[in-house]
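See below for the structure under consideration.
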Amino acid sequence: MNKYVLWNGKILDQDDKEVSVSYEDRGYQFGDGVYEVIRIYQGAIHLLDWHLDRLFYSMKEIDIVPPFTREQLIEQLRDVIKANQFQADGKLYIQVTRGEQPRDHLYEPNLQAVYYAIVTPFEKPVDMWENGVTVMLQEDIRWLRCDIKSLNLLPNVMARTTAQKNGYDEPLFYRDGIVRECGASNFFLVKDQALVTHPTDHHILGGITRKQVIRLAKELGIPVYEREIDLNELEKAHECFLTATPLEIVPITQIDEKKMNGGAFGPITKKLFRYYQEKIPEDLFSV
Ligand SMILES: Cc1ncc(COP(=O)(O)O)c(C=O)c1O
(Lines give C-alpha, C1' and ligand atoms only; values in the text may rest on other atoms or scores of the structure.)
Protein backbone atom coordinates (compact mmCIF):
# COMPACT_ATOMS: atom_id res chain seq x y z
CA MET A 1 0.00 0.00 0.00
CA ASN A 2 1.16 3.57 -0.83
CA LYS A 3 3.91 2.14 -2.90
CA TYR A 4 3.06 4.36 -5.85
CA VAL A 5 3.25 8.11 -6.10
CA LEU A 6 2.06 10.57 -8.68
CA TRP A 7 5.28 12.23 -9.81
CA ASN A 8 5.07 15.02 -12.39
CA GLY A 9 2.25 13.30 -14.22
CA LYS A 10 3.56 9.73 -13.97
CA ILE A 11 2.61 6.99 -11.57
CA LEU A 12 5.92 5.71 -10.24
CA ASP A 13 7.12 3.33 -7.60
CA GLN A 14 8.23 5.49 -4.67
CA ASP A 15 11.69 3.88 -4.89
CA ASP A 16 12.08 4.85 -8.55
CA LYS A 17 15.21 6.98 -9.15
CA GLU A 18 13.09 9.62 -10.86
CA VAL A 19 11.32 10.32 -7.56
CA SER A 20 13.81 12.86 -6.23
CA VAL A 21 14.01 16.62 -5.91
CA SER A 22 16.82 18.79 -7.20
CA TYR A 23 18.64 20.91 -4.61
CA GLU A 24 17.77 23.80 -6.88
CA ASP A 25 14.05 23.20 -6.61
CA ARG A 26 12.54 26.48 -5.41
CA GLY A 27 10.26 24.61 -3.06
CA TYR A 28 13.34 23.19 -1.36
CA GLN A 29 15.18 26.51 -1.29
CA PHE A 30 12.41 29.03 -0.58
CA GLY A 31 9.26 27.07 0.24
CA ASP A 32 8.17 28.48 -3.12
CA GLY A 33 5.13 26.34 -3.68
CA VAL A 34 1.65 25.38 -2.57
CA TYR A 35 -0.11 22.25 -1.37
CA GLU A 36 -3.41 20.59 -0.56
CA VAL A 37 -4.51 17.96 1.93
CA ILE A 38 -7.67 16.09 0.99
CA ARG A 39 -9.52 13.46 2.96
CA ILE A 40 -10.20 10.04 1.51
CA TYR A 41 -13.01 7.93 2.91
CA GLN A 42 -13.07 4.28 1.88
CA GLY A 43 -10.97 5.07 -1.16
CA ALA A 44 -13.20 7.96 -2.35
CA ILE A 45 -12.12 11.62 -2.39
CA HIS A 46 -14.02 14.09 -0.20
CA LEU A 47 -14.99 17.59 -1.41
CA LEU A 48 -12.60 17.31 -4.35
CA ASP A 49 -13.98 20.28 -6.28
CA TRP A 50 -13.48 22.72 -3.43
CA HIS A 51 -9.94 21.49 -2.82
CA LEU A 52 -9.07 21.83 -6.49
CA ASP A 53 -10.54 25.34 -6.59
CA ARG A 54 -8.27 26.27 -3.69
CA LEU A 55 -5.19 24.63 -5.23
CA PHE A 56 -5.66 26.54 -8.48
CA TYR A 57 -6.33 29.73 -6.51
CA SER A 58 -3.10 29.27 -4.50
CA MET A 59 -1.08 28.70 -7.70
CA LYS A 60 -2.63 31.74 -9.38
CA GLU A 61 -1.97 34.01 -6.41
CA ILE A 62 1.76 33.24 -6.42
CA ASP A 63 1.99 33.12 -10.20
CA ILE A 64 2.85 29.43 -10.60
CA VAL A 65 1.98 28.16 -14.07
CA PRO A 66 -0.16 25.05 -13.37
CA PRO A 67 1.62 21.96 -14.72
CA PHE A 68 -1.75 20.26 -15.34
CA THR A 69 -5.30 21.06 -16.26
CA ARG A 70 -7.99 20.36 -13.69
CA GLU A 71 -9.16 17.33 -15.68
CA GLN A 72 -5.64 15.95 -16.02
CA LEU A 73 -5.03 16.26 -12.29
CA ILE A 74 -8.33 14.54 -11.44
CA GLU A 75 -7.39 11.68 -13.75
CA GLN A 76 -3.93 11.40 -12.22
CA LEU A 77 -5.28 11.45 -8.67
CA ARG A 78 -7.61 8.63 -9.61
CA ASP A 79 -4.66 6.74 -11.07
CA VAL A 80 -2.53 7.04 -7.94
CA ILE A 81 -5.37 5.85 -5.70
CA LYS A 82 -6.08 2.96 -8.06
CA ALA A 83 -2.42 2.01 -8.42
CA ASN A 84 -2.21 1.64 -4.66
CA GLN A 85 -5.56 -0.19 -4.56
CA PHE A 86 -6.35 2.20 -1.79
CA GLN A 87 -9.79 1.58 -0.30
CA ALA A 88 -9.23 2.65 3.28
CA ASP A 89 -9.60 6.00 5.07
CA GLY A 90 -6.68 8.22 4.28
CA LYS A 91 -5.24 11.51 3.14
CA LEU A 92 -4.22 12.70 -0.27
CA TYR A 93 -1.32 15.17 -0.21
CA ILE A 94 -0.62 17.25 -3.32
CA GLN A 95 2.33 19.61 -3.61
CA VAL A 96 3.31 21.93 -6.44
CA THR A 97 6.55 23.90 -6.40
CA ARG A 98 7.52 26.58 -8.88
CA GLY A 99 10.31 24.44 -10.31
CA GLU A 100 14.06 24.37 -10.65
CA GLN A 101 16.54 27.14 -11.45
CA PRO A 102 19.85 28.47 -10.08
CA ARG A 103 19.16 30.05 -6.70
CA ASP A 104 17.78 33.56 -7.06
CA HIS A 105 14.91 35.31 -5.31
CA LEU A 106 13.70 36.44 -8.69
CA TYR A 107 11.96 33.59 -10.45
CA GLU A 108 12.25 32.86 -14.12
CA PRO A 109 8.93 33.15 -15.91
CA ASN A 110 7.27 29.97 -17.16
CA LEU A 111 9.35 27.56 -15.11
CA GLN A 112 8.20 23.97 -15.32
CA ALA A 113 6.44 23.41 -11.99
CA VAL A 114 7.30 20.24 -10.07
CA TYR A 115 4.50 18.31 -8.41
CA TYR A 116 3.63 15.10 -6.68
CA ALA A 117 0.77 13.45 -4.83
CA ILE A 118 0.75 10.64 -2.31
CA VAL A 119 -1.94 8.68 -0.52
CA THR A 120 -1.44 7.73 3.12
CA PRO A 121 -3.72 5.88 5.50
CA PHE A 122 -5.28 7.98 8.21
CA GLU A 123 -7.31 6.68 11.13
CA LYS A 124 -10.20 8.70 12.51
CA PRO A 125 -8.80 10.92 15.33
CA VAL A 126 -11.10 9.33 17.89
CA ASP A 127 -9.03 10.40 20.86
CA MET A 128 -9.26 14.07 19.88
CA TRP A 129 -12.98 13.74 19.24
CA GLU A 130 -13.52 12.27 22.67
CA ASN A 131 -11.14 14.43 24.67
CA GLY A 132 -10.90 17.60 22.60
CA VAL A 133 -7.79 19.75 22.34
CA THR A 134 -6.27 22.57 24.34
CA VAL A 135 -5.02 25.72 22.63
CA MET A 136 -2.51 28.38 23.56
CA LEU A 137 -3.05 31.97 22.40
CA GLN A 138 -0.07 33.23 20.43
CA GLU A 139 0.57 36.36 18.45
CA ASP A 140 0.13 35.78 14.73
CA ILE A 141 3.46 36.61 13.12
CA ARG A 142 2.66 35.02 9.76
CA TRP A 143 2.65 36.94 6.51
CA LEU A 144 -0.56 38.66 5.44
CA ARG A 145 -1.46 36.20 2.70
CA CYS A 146 -2.68 33.35 4.89
CA ASP A 147 -5.40 32.74 2.27
CA ILE A 148 -2.73 31.07 0.11
CA LYS A 149 -1.99 27.47 1.08
CA SER A 150 1.74 28.02 0.77
CA LEU A 151 4.52 25.65 1.77
CA ASN A 152 5.97 28.36 4.00
CA LEU A 153 4.79 27.02 7.33
CA LEU A 154 7.67 28.01 9.58
CA PRO A 155 5.58 30.25 11.88
CA ASN A 156 3.01 27.46 12.18
CA VAL A 157 5.75 24.92 12.91
CA MET A 158 7.29 27.11 15.62
CA ALA A 159 3.91 27.99 17.12
CA ARG A 160 2.84 24.34 17.40
CA THR A 161 6.17 23.56 19.03
CA THR A 162 5.76 26.43 21.52
CA ALA A 163 2.22 25.26 22.30
CA GLN A 164 3.41 21.72 22.95
CA LYS A 165 6.36 22.85 25.06
CA ASN A 166 3.87 24.69 27.24
CA GLY A 167 1.58 21.71 27.60
CA TYR A 168 -1.01 22.69 24.96
CA ASP A 169 -1.98 20.88 21.77
CA GLU A 170 -2.30 23.78 19.33
CA PRO A 171 -1.62 27.47 18.92
CA LEU A 172 -4.57 29.85 18.52
CA PHE A 173 -3.39 32.91 16.62
CA TYR A 174 -4.48 36.49 17.34
CA ARG A 175 -3.40 39.69 15.66
CA ASP A 176 -4.45 43.25 16.54
CA GLY A 177 -6.66 41.91 19.33
CA ILE A 178 -8.60 39.69 16.90
CA VAL A 179 -8.70 35.89 17.07
CA ARG A 180 -7.71 34.54 13.64
CA GLU A 181 -7.33 30.75 13.41
CA CYS A 182 -5.33 27.86 14.86
CA GLY A 183 -1.96 26.63 13.60
CA ALA A 184 -3.44 24.18 11.10
CA SER A 185 -7.18 24.64 11.48
CA ASN A 186 -9.96 27.23 11.56
CA PHE A 187 -11.56 28.45 14.75
CA PHE A 188 -15.26 28.63 15.60
CA LEU A 189 -16.97 29.93 18.67
CA VAL A 190 -20.54 29.19 19.74
CA LYS A 191 -22.47 31.93 21.50
CA ASP A 192 -26.21 31.93 22.12
CA GLN A 193 -26.76 28.92 19.81
CA ALA A 194 -25.03 30.66 16.88
CA LEU A 195 -21.64 30.11 15.23
CA VAL A 196 -19.08 32.85 14.87
CA THR A 197 -15.94 32.49 12.76
CA HIS A 198 -13.42 34.80 11.12
CA PRO A 199 -14.40 35.96 7.61
CA THR A 200 -12.39 34.60 4.69
CA ASP A 201 -9.75 37.19 3.93
CA HIS A 202 -5.95 37.38 3.88
CA HIS A 203 -5.70 36.72 7.66
CA ILE A 204 -6.82 33.08 7.49
CA LEU A 205 -6.82 30.09 5.22
CA GLY A 206 -10.27 29.60 3.73
CA GLY A 207 -10.65 26.10 5.14
CA ILE A 208 -12.64 23.56 3.18
CA THR A 209 -13.96 22.06 6.42
CA ARG A 210 -14.88 25.56 7.60
CA LYS A 211 -16.86 26.05 4.39
CA GLN A 212 -18.60 22.70 4.79
CA VAL A 213 -19.43 23.39 8.45
CA ILE A 214 -20.98 26.74 7.51
CA ARG A 215 -23.04 25.05 4.80
CA LEU A 216 -24.21 22.31 7.15
CA ALA A 217 -24.94 24.71 10.02
CA LYS A 218 -27.21 26.67 7.70
CA GLU A 219 -28.99 23.46 6.71
CA LEU A 220 -29.54 22.75 10.41
CA GLY A 221 -30.92 26.25 10.96
CA ILE A 222 -27.97 27.29 13.12
CA PRO A 223 -27.14 30.97 12.48
CA VAL A 224 -23.57 31.66 11.31
CA TYR A 225 -21.81 34.99 11.66
CA GLU A 226 -18.60 35.44 9.65
CA ARG A 227 -17.04 38.34 11.47
CA GLU A 228 -13.95 39.22 13.46
CA ILE A 229 -13.84 37.86 17.02
CA ASP A 230 -12.38 40.12 19.66
CA LEU A 231 -10.05 38.42 22.13
CA ASN A 232 -12.38 39.48 24.97
CA GLU A 233 -15.19 37.44 23.47
CA LEU A 234 -13.43 34.17 24.24
CA GLU A 235 -14.35 34.60 27.92
CA LYS A 236 -18.05 34.59 27.08
CA ALA A 237 -18.07 31.78 24.50
CA HIS A 238 -20.29 28.80 25.31
CA GLU A 239 -18.39 26.35 23.10
CA CYS A 240 -15.38 26.49 20.81
CA PHE A 241 -14.16 24.09 18.19
CA LEU A 242 -11.64 23.84 15.37
CA THR A 243 -12.06 22.48 11.87
CA ALA A 244 -9.51 20.86 9.55
CA THR A 245 -9.62 18.30 6.79
CA PRO A 246 -7.99 15.41 8.69
CA LEU A 247 -9.69 16.17 12.01
CA GLU A 248 -13.10 17.37 10.78
CA ILE A 249 -14.58 19.02 13.92
CA VAL A 250 -12.70 18.90 17.22
CA PRO A 251 -13.92 20.53 20.45
CA ILE A 252 -11.56 22.96 22.16
CA THR A 253 -11.57 22.16 25.86
CA GLN A 254 -9.24 24.87 27.06
CA ILE A 255 -7.91 28.23 25.83
CA ASP A 256 -4.86 29.24 27.85
CA GLU A 257 -5.98 28.74 31.46
CA LYS A 258 -9.70 28.87 30.73
CA LYS A 259 -11.58 25.58 30.57
CA MET A 260 -14.40 25.50 28.02
CA ASN A 261 -17.65 23.64 28.46
CA GLY A 262 -16.31 21.39 31.20
CA GLY A 263 -13.82 19.90 28.77
CA ALA A 264 -16.33 18.09 26.54
CA PHE A 265 -18.27 18.41 23.28
CA GLY A 266 -20.87 21.15 23.68
CA PRO A 267 -24.39 20.49 22.32
CA ILE A 268 -24.02 22.60 19.16
CA THR A 269 -20.57 21.18 18.40
CA LYS A 270 -21.94 17.67 18.88
CA LYS A 271 -24.91 18.32 16.60
CA LEU A 272 -22.65 19.66 13.86
CA PHE A 273 -20.16 16.86 14.32
CA ARG A 274 -22.86 14.21 13.86
CA TYR A 275 -24.38 15.95 10.85
CA TYR A 276 -20.92 16.37 9.28
CA GLN A 277 -20.34 12.62 9.57
CA GLU A 278 -23.79 11.84 8.19
CA LYS A 279 -23.19 14.03 5.14
CA ILE A 280 -19.75 12.71 4.18
CA PRO A 281 -21.09 10.15 1.65
CA GLU A 282 -22.87 12.92 -0.30
CA ASP A 283 -19.63 14.68 -1.19
CA LEU A 284 -17.46 11.75 -2.18
CA PHE A 285 -15.87 11.33 -5.59
CA SER A 286 -15.35 7.66 -6.37
CA VAL A 287 -12.26 6.74 -8.35
C1 LIG B 1 -3.57 27.59 8.81
C2 LIG B 1 -4.69 26.66 8.49
N3 LIG B 1 -5.96 27.06 8.68
C4 LIG B 1 -6.99 26.27 8.42
C5 LIG B 1 -6.81 24.98 7.93
C6 LIG B 1 -7.99 24.10 7.67
O7 LIG B 1 -8.24 23.97 6.30
P8 LIG B 1 -8.99 22.72 5.71
O9 LIG B 1 -10.32 22.63 6.42
O10 LIG B 1 -9.14 23.03 4.28
O11 LIG B 1 -8.15 21.53 5.97
C12 LIG B 1 -5.51 24.52 7.70
C13 LIG B 1 -5.29 23.18 7.16
O14 LIG B 1 -4.21 22.74 6.94
C15 LIG B 1 -4.43 25.38 7.97
O16 LIG B 1 -3.15 24.99 7.76
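Start at 1 and go down the list; that is how both ligands and their atoms are numbered. The figures that follow rest on heavy atoms only: side chains count, while hydrogens, waters and symmetry mates do not. Heads up: numbering here begins at 1 and tracks the sequence.
No part of Gln212 comes within 4.0 Å of ligand 1, judged by heavy-atom distances.
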**OP:** Might you work through the side chain to side chain contact (heavy atoms under 4.5 Å, CB included) test for Ser58 and Ile148, ending with a clear yes or no?
**Re:** CA-CA 5 Å; Ser58 296; Ile148 298 170; 4.1 Å; yes

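Ring pair Tyr28/Tyr23: centre-to-centre distance not below 6.0 Å. The distance between the ring centers of His203 and Phe173 does not fall below 6.0 angstrom.
Using a 4.0 Å cutoff on heavy atoms, Asn186 counts as a contact of ligand 1. The closest approach between any non-hydrogen atom of Lys211 and ligand 1 is not below 4.0 Å. At least one heavy atom of Gly183 sits under 4.0 Å from some atom of ligand 1.
At a threshold of 4.5 Å between non-hydrogen side-chain atoms, the residues Leu6 and Tyr115 count as touching. Counting heavy atoms from C-beta outward, Lys91 and Val119 have side chains that stay 4.5 Å or more apart. Side-chain atoms of Val213 and Phe188, non-hydrogen and from C-beta on, do get closer than 4.5 Å to each other. With a 4.5 Å cut-off on side-chain heavy atoms, His198 and Asp201 count as touching.
Annotation: atom 3 (N) of ligand 1 to nearest protein heavy atom, Glu181 OE1, 2.6 Å. Shortest contact from atom 16 (O) of ligand 1 to any protein heavy atom: Ala184 CA, 3.5 Å.
Ion pairing between a basic and an acidic side chain is recognised when a charged N comes within 4.0 Å of a carboxylate O; Asp53 and Arg70 show such pairing. With salt bridges taken as basic N to acidic carboxylate O contacts below 4.0 Å, one links Arg54 and Glu36.
The atoms of ligand 1 that sit less than 4.0 Å from any heavy atom of Gly207 are 7 (O), 8 (P), 9 (O), 10 (O). Close approach to Arg142 involves these atoms of ligand 1, each under 4.0 Å from a residue heavy atom: 1 (C). Taking every non-hydrogen atom of Thr245 and a distance limit under 4.0 Å, the qualifying atoms of ligand 1 come out as 8 (P), 9 (O), 10 (O), 11 (O). Atom numbering of ligand 1 starts at 1 in the shown order; those under 4.0 Å from a heavy atom of Thr209 are 8 (P), 9 (O). The ligand atoms of ligand 1 that sit less than 4.0 angstrom from a heavy atom of Lys149 are 13 (C), 14 (O). The Arg54 neighbourhood of ligand 1 comprises atoms 7 (O), 8 (P), 10 (O), with distances under 4.0 Å to a heavy atom of that residue.
Within the cation-pi definition used here (under 6.0 Å to the ring centroid, within 45° of the axis), Lys124 does not qualify as a partner of Trp129.
For a threshold of 3.5 Å applied to N or O pairs, the pair formed by His51 and ligand 1 contains no separation below that value. Remark: ligand 1 and Ile208 share an N or O pair separated by less than 3.5 Å (distance only, no angle test).
The closest non-hydrogen atom to atom 5 (C) of ligand 1, taken over Ser185, Ser150, Pro155, Cys146, comes from Ser185.
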